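Here's the structure, in structure tokens; my notes come after.
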Amino acid sequence: MPKRSRLDQITADLTDAQREAVCYGEGPLLVLAGAGSGKTRVITRRIAYLLGCGVAPDRIIAVTFTNKAADEMRRRVEALVGKDVYVSTFHSFCARLLRREIGRLGRDASFTIYDRADSLRVVRRVVREMELDPATYSPRALLDFIGLRKDRVEGPRECRQRALGIEEQTWADVYQRYEEQLASNNALDFDDLLLRTLEVFRESPGALQHYQDAYLHVLVDEYQDTNLPQHLIARALQGKHRNITAVGDPDQTIYTWRGARLENLMEFEQDFPGAHVVTLKRNYRSSANILRAASACISHNVFRRPKELHTERDEGEPIVVAQFADSFAEGRWVAEMVQELMQDRVAPREIAVFYRTKNQSLPLEDAFASLDLPHQVVDSVGFFERRQVKDLRSYLQLLINPRDDVACLRVINTPPRGIGARTVEKLQAAAVQRGTSLLEAMRDAEQIEALGPRAARAARGFYELHARLSALRARSAKKLLSRAIELTGYLERQPADEREDAEELLDMFMDYAGQYDKRSPEGGLMGFLEQSALVSDVDGWNDQAGAVPFMTLHSAKGLEFDAVFIVGVERGMLPHQRAMQEHVHDTDRAALEEERRLFYVGMTRARHRLFISHARKRTLRGRQEQAEPSPFLEELPAEGVERLGASGRAAASFGREMDYVLKQKKLSLRILDGGANRLAAGARVSHPVYGEGTILETMRMGSRHVVRVDFAAHGPMVLVLAAADVGRA
DNA sequence: GGGGTACCCTTTTTT
DNA sequence: AGGGTACCCC
Ligand SMILES: Nc1ncnc2c1ncn2[C@@H]1O[C@H](COP(=O)(O)OP(=O)(O)OP(=O)(O)O)[C@@H](O)[C@H]1O
């Protein structure tokens with residue numbers, strides 16, 4: 001194929017503004033654009049275009065927010081030009097780089113990656129060792145503090161220098177000792193992946209130069225949610241060729257709590273002098289009703305440059321805002337509406353349900369299960385945090401990095417093998433004294449005087465178990481996992497009431513390992529552990545599975561669906577109570593605005609249908625709490641928004657009535673006393689189950705028609721009309 | 001000294 | 001619901 005026409009093909013279905021960005025030549029480029037305007041499309045096409053222009057695939061690096069988004073982009077580029085480029089997240093890229101380069105910092109390449117729970121264990125230990133009162137020095141708060149320092153690229157020494165007063169000095173000391181512990185465990189936390197990469201660049205000009213030479217083009221998606229270290233890494237990488245493409249939308253910053261820095265985007269032109277800026281103003285995703293509502297809502301953010309986003313699309317169906325008595329009624333309604341959509345030929349994978357917090361999935365799961373609707377809770381991070389999965393991961397982690405005392409302590413007596421708290425203490429003391437890891441101390445258990453013969457034998461036994469597993473280290477991840485389960489007797493030793501659970505979880509874990517083995521036969525155990533440490537929630541979501549995904553609003557970023565449900569849109573939930581106390585925000589207002597952006601991100605995921613709901617009662621920490629509608633709901637326009645169950649009492653009964661209808665499914669109504677031949681208010685009807693009644697009102701709930709009927713024997717009920725009845729309504 | 005149990009609290013979002 | 005801590009029994 002002649003080159004010209006292939007390039008034309010890549011840019012054919014783009015707007016002028018999009019094409020300008022895709023085909024932009026050398027130098028920094030910023031695409032500043034609203035939701036659904038084609039930012040991700042521009043990045044993907046630009047990669048394809050560069051490849052089409054003859055840039056070698058290995059001279060391009062693209063960075064996305066999740067591994068799933070990275071795979072998706074790689075696949076799209078491959079489909080466009082048949083070439084394989086490197087697309088990754090910042091964290092995965094850094095982990096890969098550090099496996100090669102961390103020796104330059106005097107550290108070992110077989111490092112463990114710690115998640116928050118691992119880090120928390122380290123902080124707890126530091127607090128104990130420093131003999132601080134954990135009530136005053138909350139390990140959680142201390143870890144947050146450390147994270148904050150790291151987000152600002154501030155090491156313990158600098159932190160200590162800047163400390164004002166004894167209190168802050170103590171925090172800095174905790175930070176210092178936390179770092180020492182991580183080093184002696186040969187572990188890096190998530191932030192370290194970024195910081196050590198910067199350190200490699202700083203300490204080793206040769207390495208920096210190597211990467212700067214290698215990457216002719218650096219492209220970063222979702223720039224509004226990058227933190228300072230990520231920004232610095234991007235800047236370092238483009239340092240030689242100066243070809244950076246960043247795309248982002250300031251209205252979609254939703255990770256400030258994790259250090260995201262909007263300045264990275266808004267001050268791009270200062271950081272990258274001579275940057276060319278392209279703005280995209282047309283939304284290609286959503287119906288006019290959806291875009292109008294989303295824009296109206298986000299316009300209430302005052303810390304914001306007003307931005308006009310328009311669409312050529314039709315109004316579309318009205319947005320539905322519905323109120324329910326409680327989250328269970330809300331869940332049943334969502335399930336019922338999903339069933340309806342599926343009957344209307346909307347594929348389940350084109351429907352999604354979003355919520356603020358993960359525990360909101362439960363009522364939805366119940367409701368979907370009872371209607372037998374295919375659904376999938378998108379929660380990979382949660383999966384890897386499950387106790388049983390973490391336990392087995394720790395056994396494997398210890399094979400790669402025997403110095404990982406956190407992993408060792410986690411499983412040293414799991415399942416119970418006679419190494420109790422006292423023995424552990426003695427082992428730890430011996431390890432500190434000898435300057436060894438816990439595992440090495442166990443190898444030499446017989447020589448530790450403080451240990452009785454029984455304890456010594458148990459400890460030595462653990463070491464031998466590790467050694468036996470270690471001999472199999474080169475085997476596939478799945479094989480190792482199943483051998484670890486066998487050799488440790490993990491399942492047999494589970495309490496009977498948890499065995500089934502554990503078995504299911506570990507089966508899933510083995511499946512996951514099997515998939516890894518197949519996909520990355522070269523990755524080995526280390527690659528497997530690395531990938532599972534760096535998963536994002538959406539990574540585990542199979543978008544081809546034909547199931548409705550349930551996910552957090554955060555996870556929904558960057559995705560799109562034909563129909564979207566956002567549940568639990570209540571004061572205290574969205575905006576979330578805790579988010580309003582988040583100290584990373586300068587003001588209450590800023591905190592509220594981030595919550596509004598989250599709602600905005602959710603709404604703008606929808607192409608055609610948007611359903612927003614809230615409940616009057618919600619169970620929080622086992623308590624039933626009254627809930628008010630979210631203030632954000634008042635910000636939606638009247639036009640193109642249909643509100644159901646507006647008053648509190650009506651909503652309460654609506655919930656119960658809905659319940660009934662769902663159980664009975666749809667049974668058709670017969671019109672009595674021949675006069676009126678229409679299902680309209682006032683008509684007398686008869687129902688096979690409820691008997692006779694009078695229609696109170698008829699209404700539309702989204703695409704479906706419902707009637708409220710006052711039955712003589714049952715009182716008011718909401719009935720959903722069968723398609724055949726609709727013509728009569 | 002190990003192991004089991006009861007009670008606390010804490011989770012908002014996640015690389 | 002899961003971990004941590006405190007307490008009790010073996
Ligand atoms: N020029 C175009 N022609 C047709 N469809 C387009 C065009 N540009 C974008 N789209 C479609 O619009 C939708 C949104 O595009 P994309 O996901 O790239 O937007 P985005 O700006 O990254 O969105 P967001 O920031 O909201 O995640 C996609 O379905 C995409 O295919």
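Proteins come first, then strands; the chains are lettered A, B, ... in the order of their sequence lines, and each starts at number 1. Treat the numbers as computed from the prediction; the structure is a model and nothing was measured.
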Pull out every protein N or O sitting under 3.5 Å from an N or O of nucleotides 2-5 of chain C, one pair per line with the distance.
unit_1	atom_1	unit_2	atom_2	d
C/dG2	OP1	A/R386	NH2	3.4

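- Here A/T197 pairs with nothing under the side-chain hydrogen bond (donor to acceptor under 3.5 Å, both in side chains) rule; sequence neighbours left out.
- When each of A/V535 and A/I419 is assigned the nucleotide of DNA chain B with its nearest heavy atom, A/I419 is the one assigned upstream, toward the 5' end.
- Checked against side-chain hydrogen bond (donor to acceptor under 3.5 Å, both in side chains), A/E594 has the following partners two or more places apart in sequence or in another chain: A/T256, A/R597.
- Here A/D539 pairs with A/N67, A/S536 under the side-chain hydrogen bond (donor to acceptor under 3.5 Å, both in side chains) rule; sequence neighbours left out.
- Contacts of A/H554 classified as ring-ring contact (aromatic ring centres under 6.0 Å, His included), with partners at least two apart in sequence or in another chain: A/Y255, A/W257.
- In this model, a side-chain donor or acceptor of A/H91 finds a partner on the base of B/dT15 within 3.5 Å.
- In this structure, the aromatic ring of A/W257 is positioned over the six-membered ring of the base of B/dT13, centres within 5.5 Å and planes within 30°.
- Using a 4.0 Å heavy-atom distance criterion, A/A117 is classed as making no nucleic acid contact.
- The ring-ring contact (aromatic ring centres under 6.0 Å, His included) check on A/Y516 picks up A/F528, with sequence neighbours excluded.
- Using a 30° and 60° split on the angle between ring planes, A/F201 and A/Y211 fall in the tilted class, from 30° to 60°.
- Of the residues near DNA chain B, A/L534 and A/R140, the one whose nearest nucleotide (by heavy atom distance) lies more toward the 5' end is A/R140.
- Within 4.0 Å (heavy atoms only), A/T66 reaches no atom of the nucleic acid at all.
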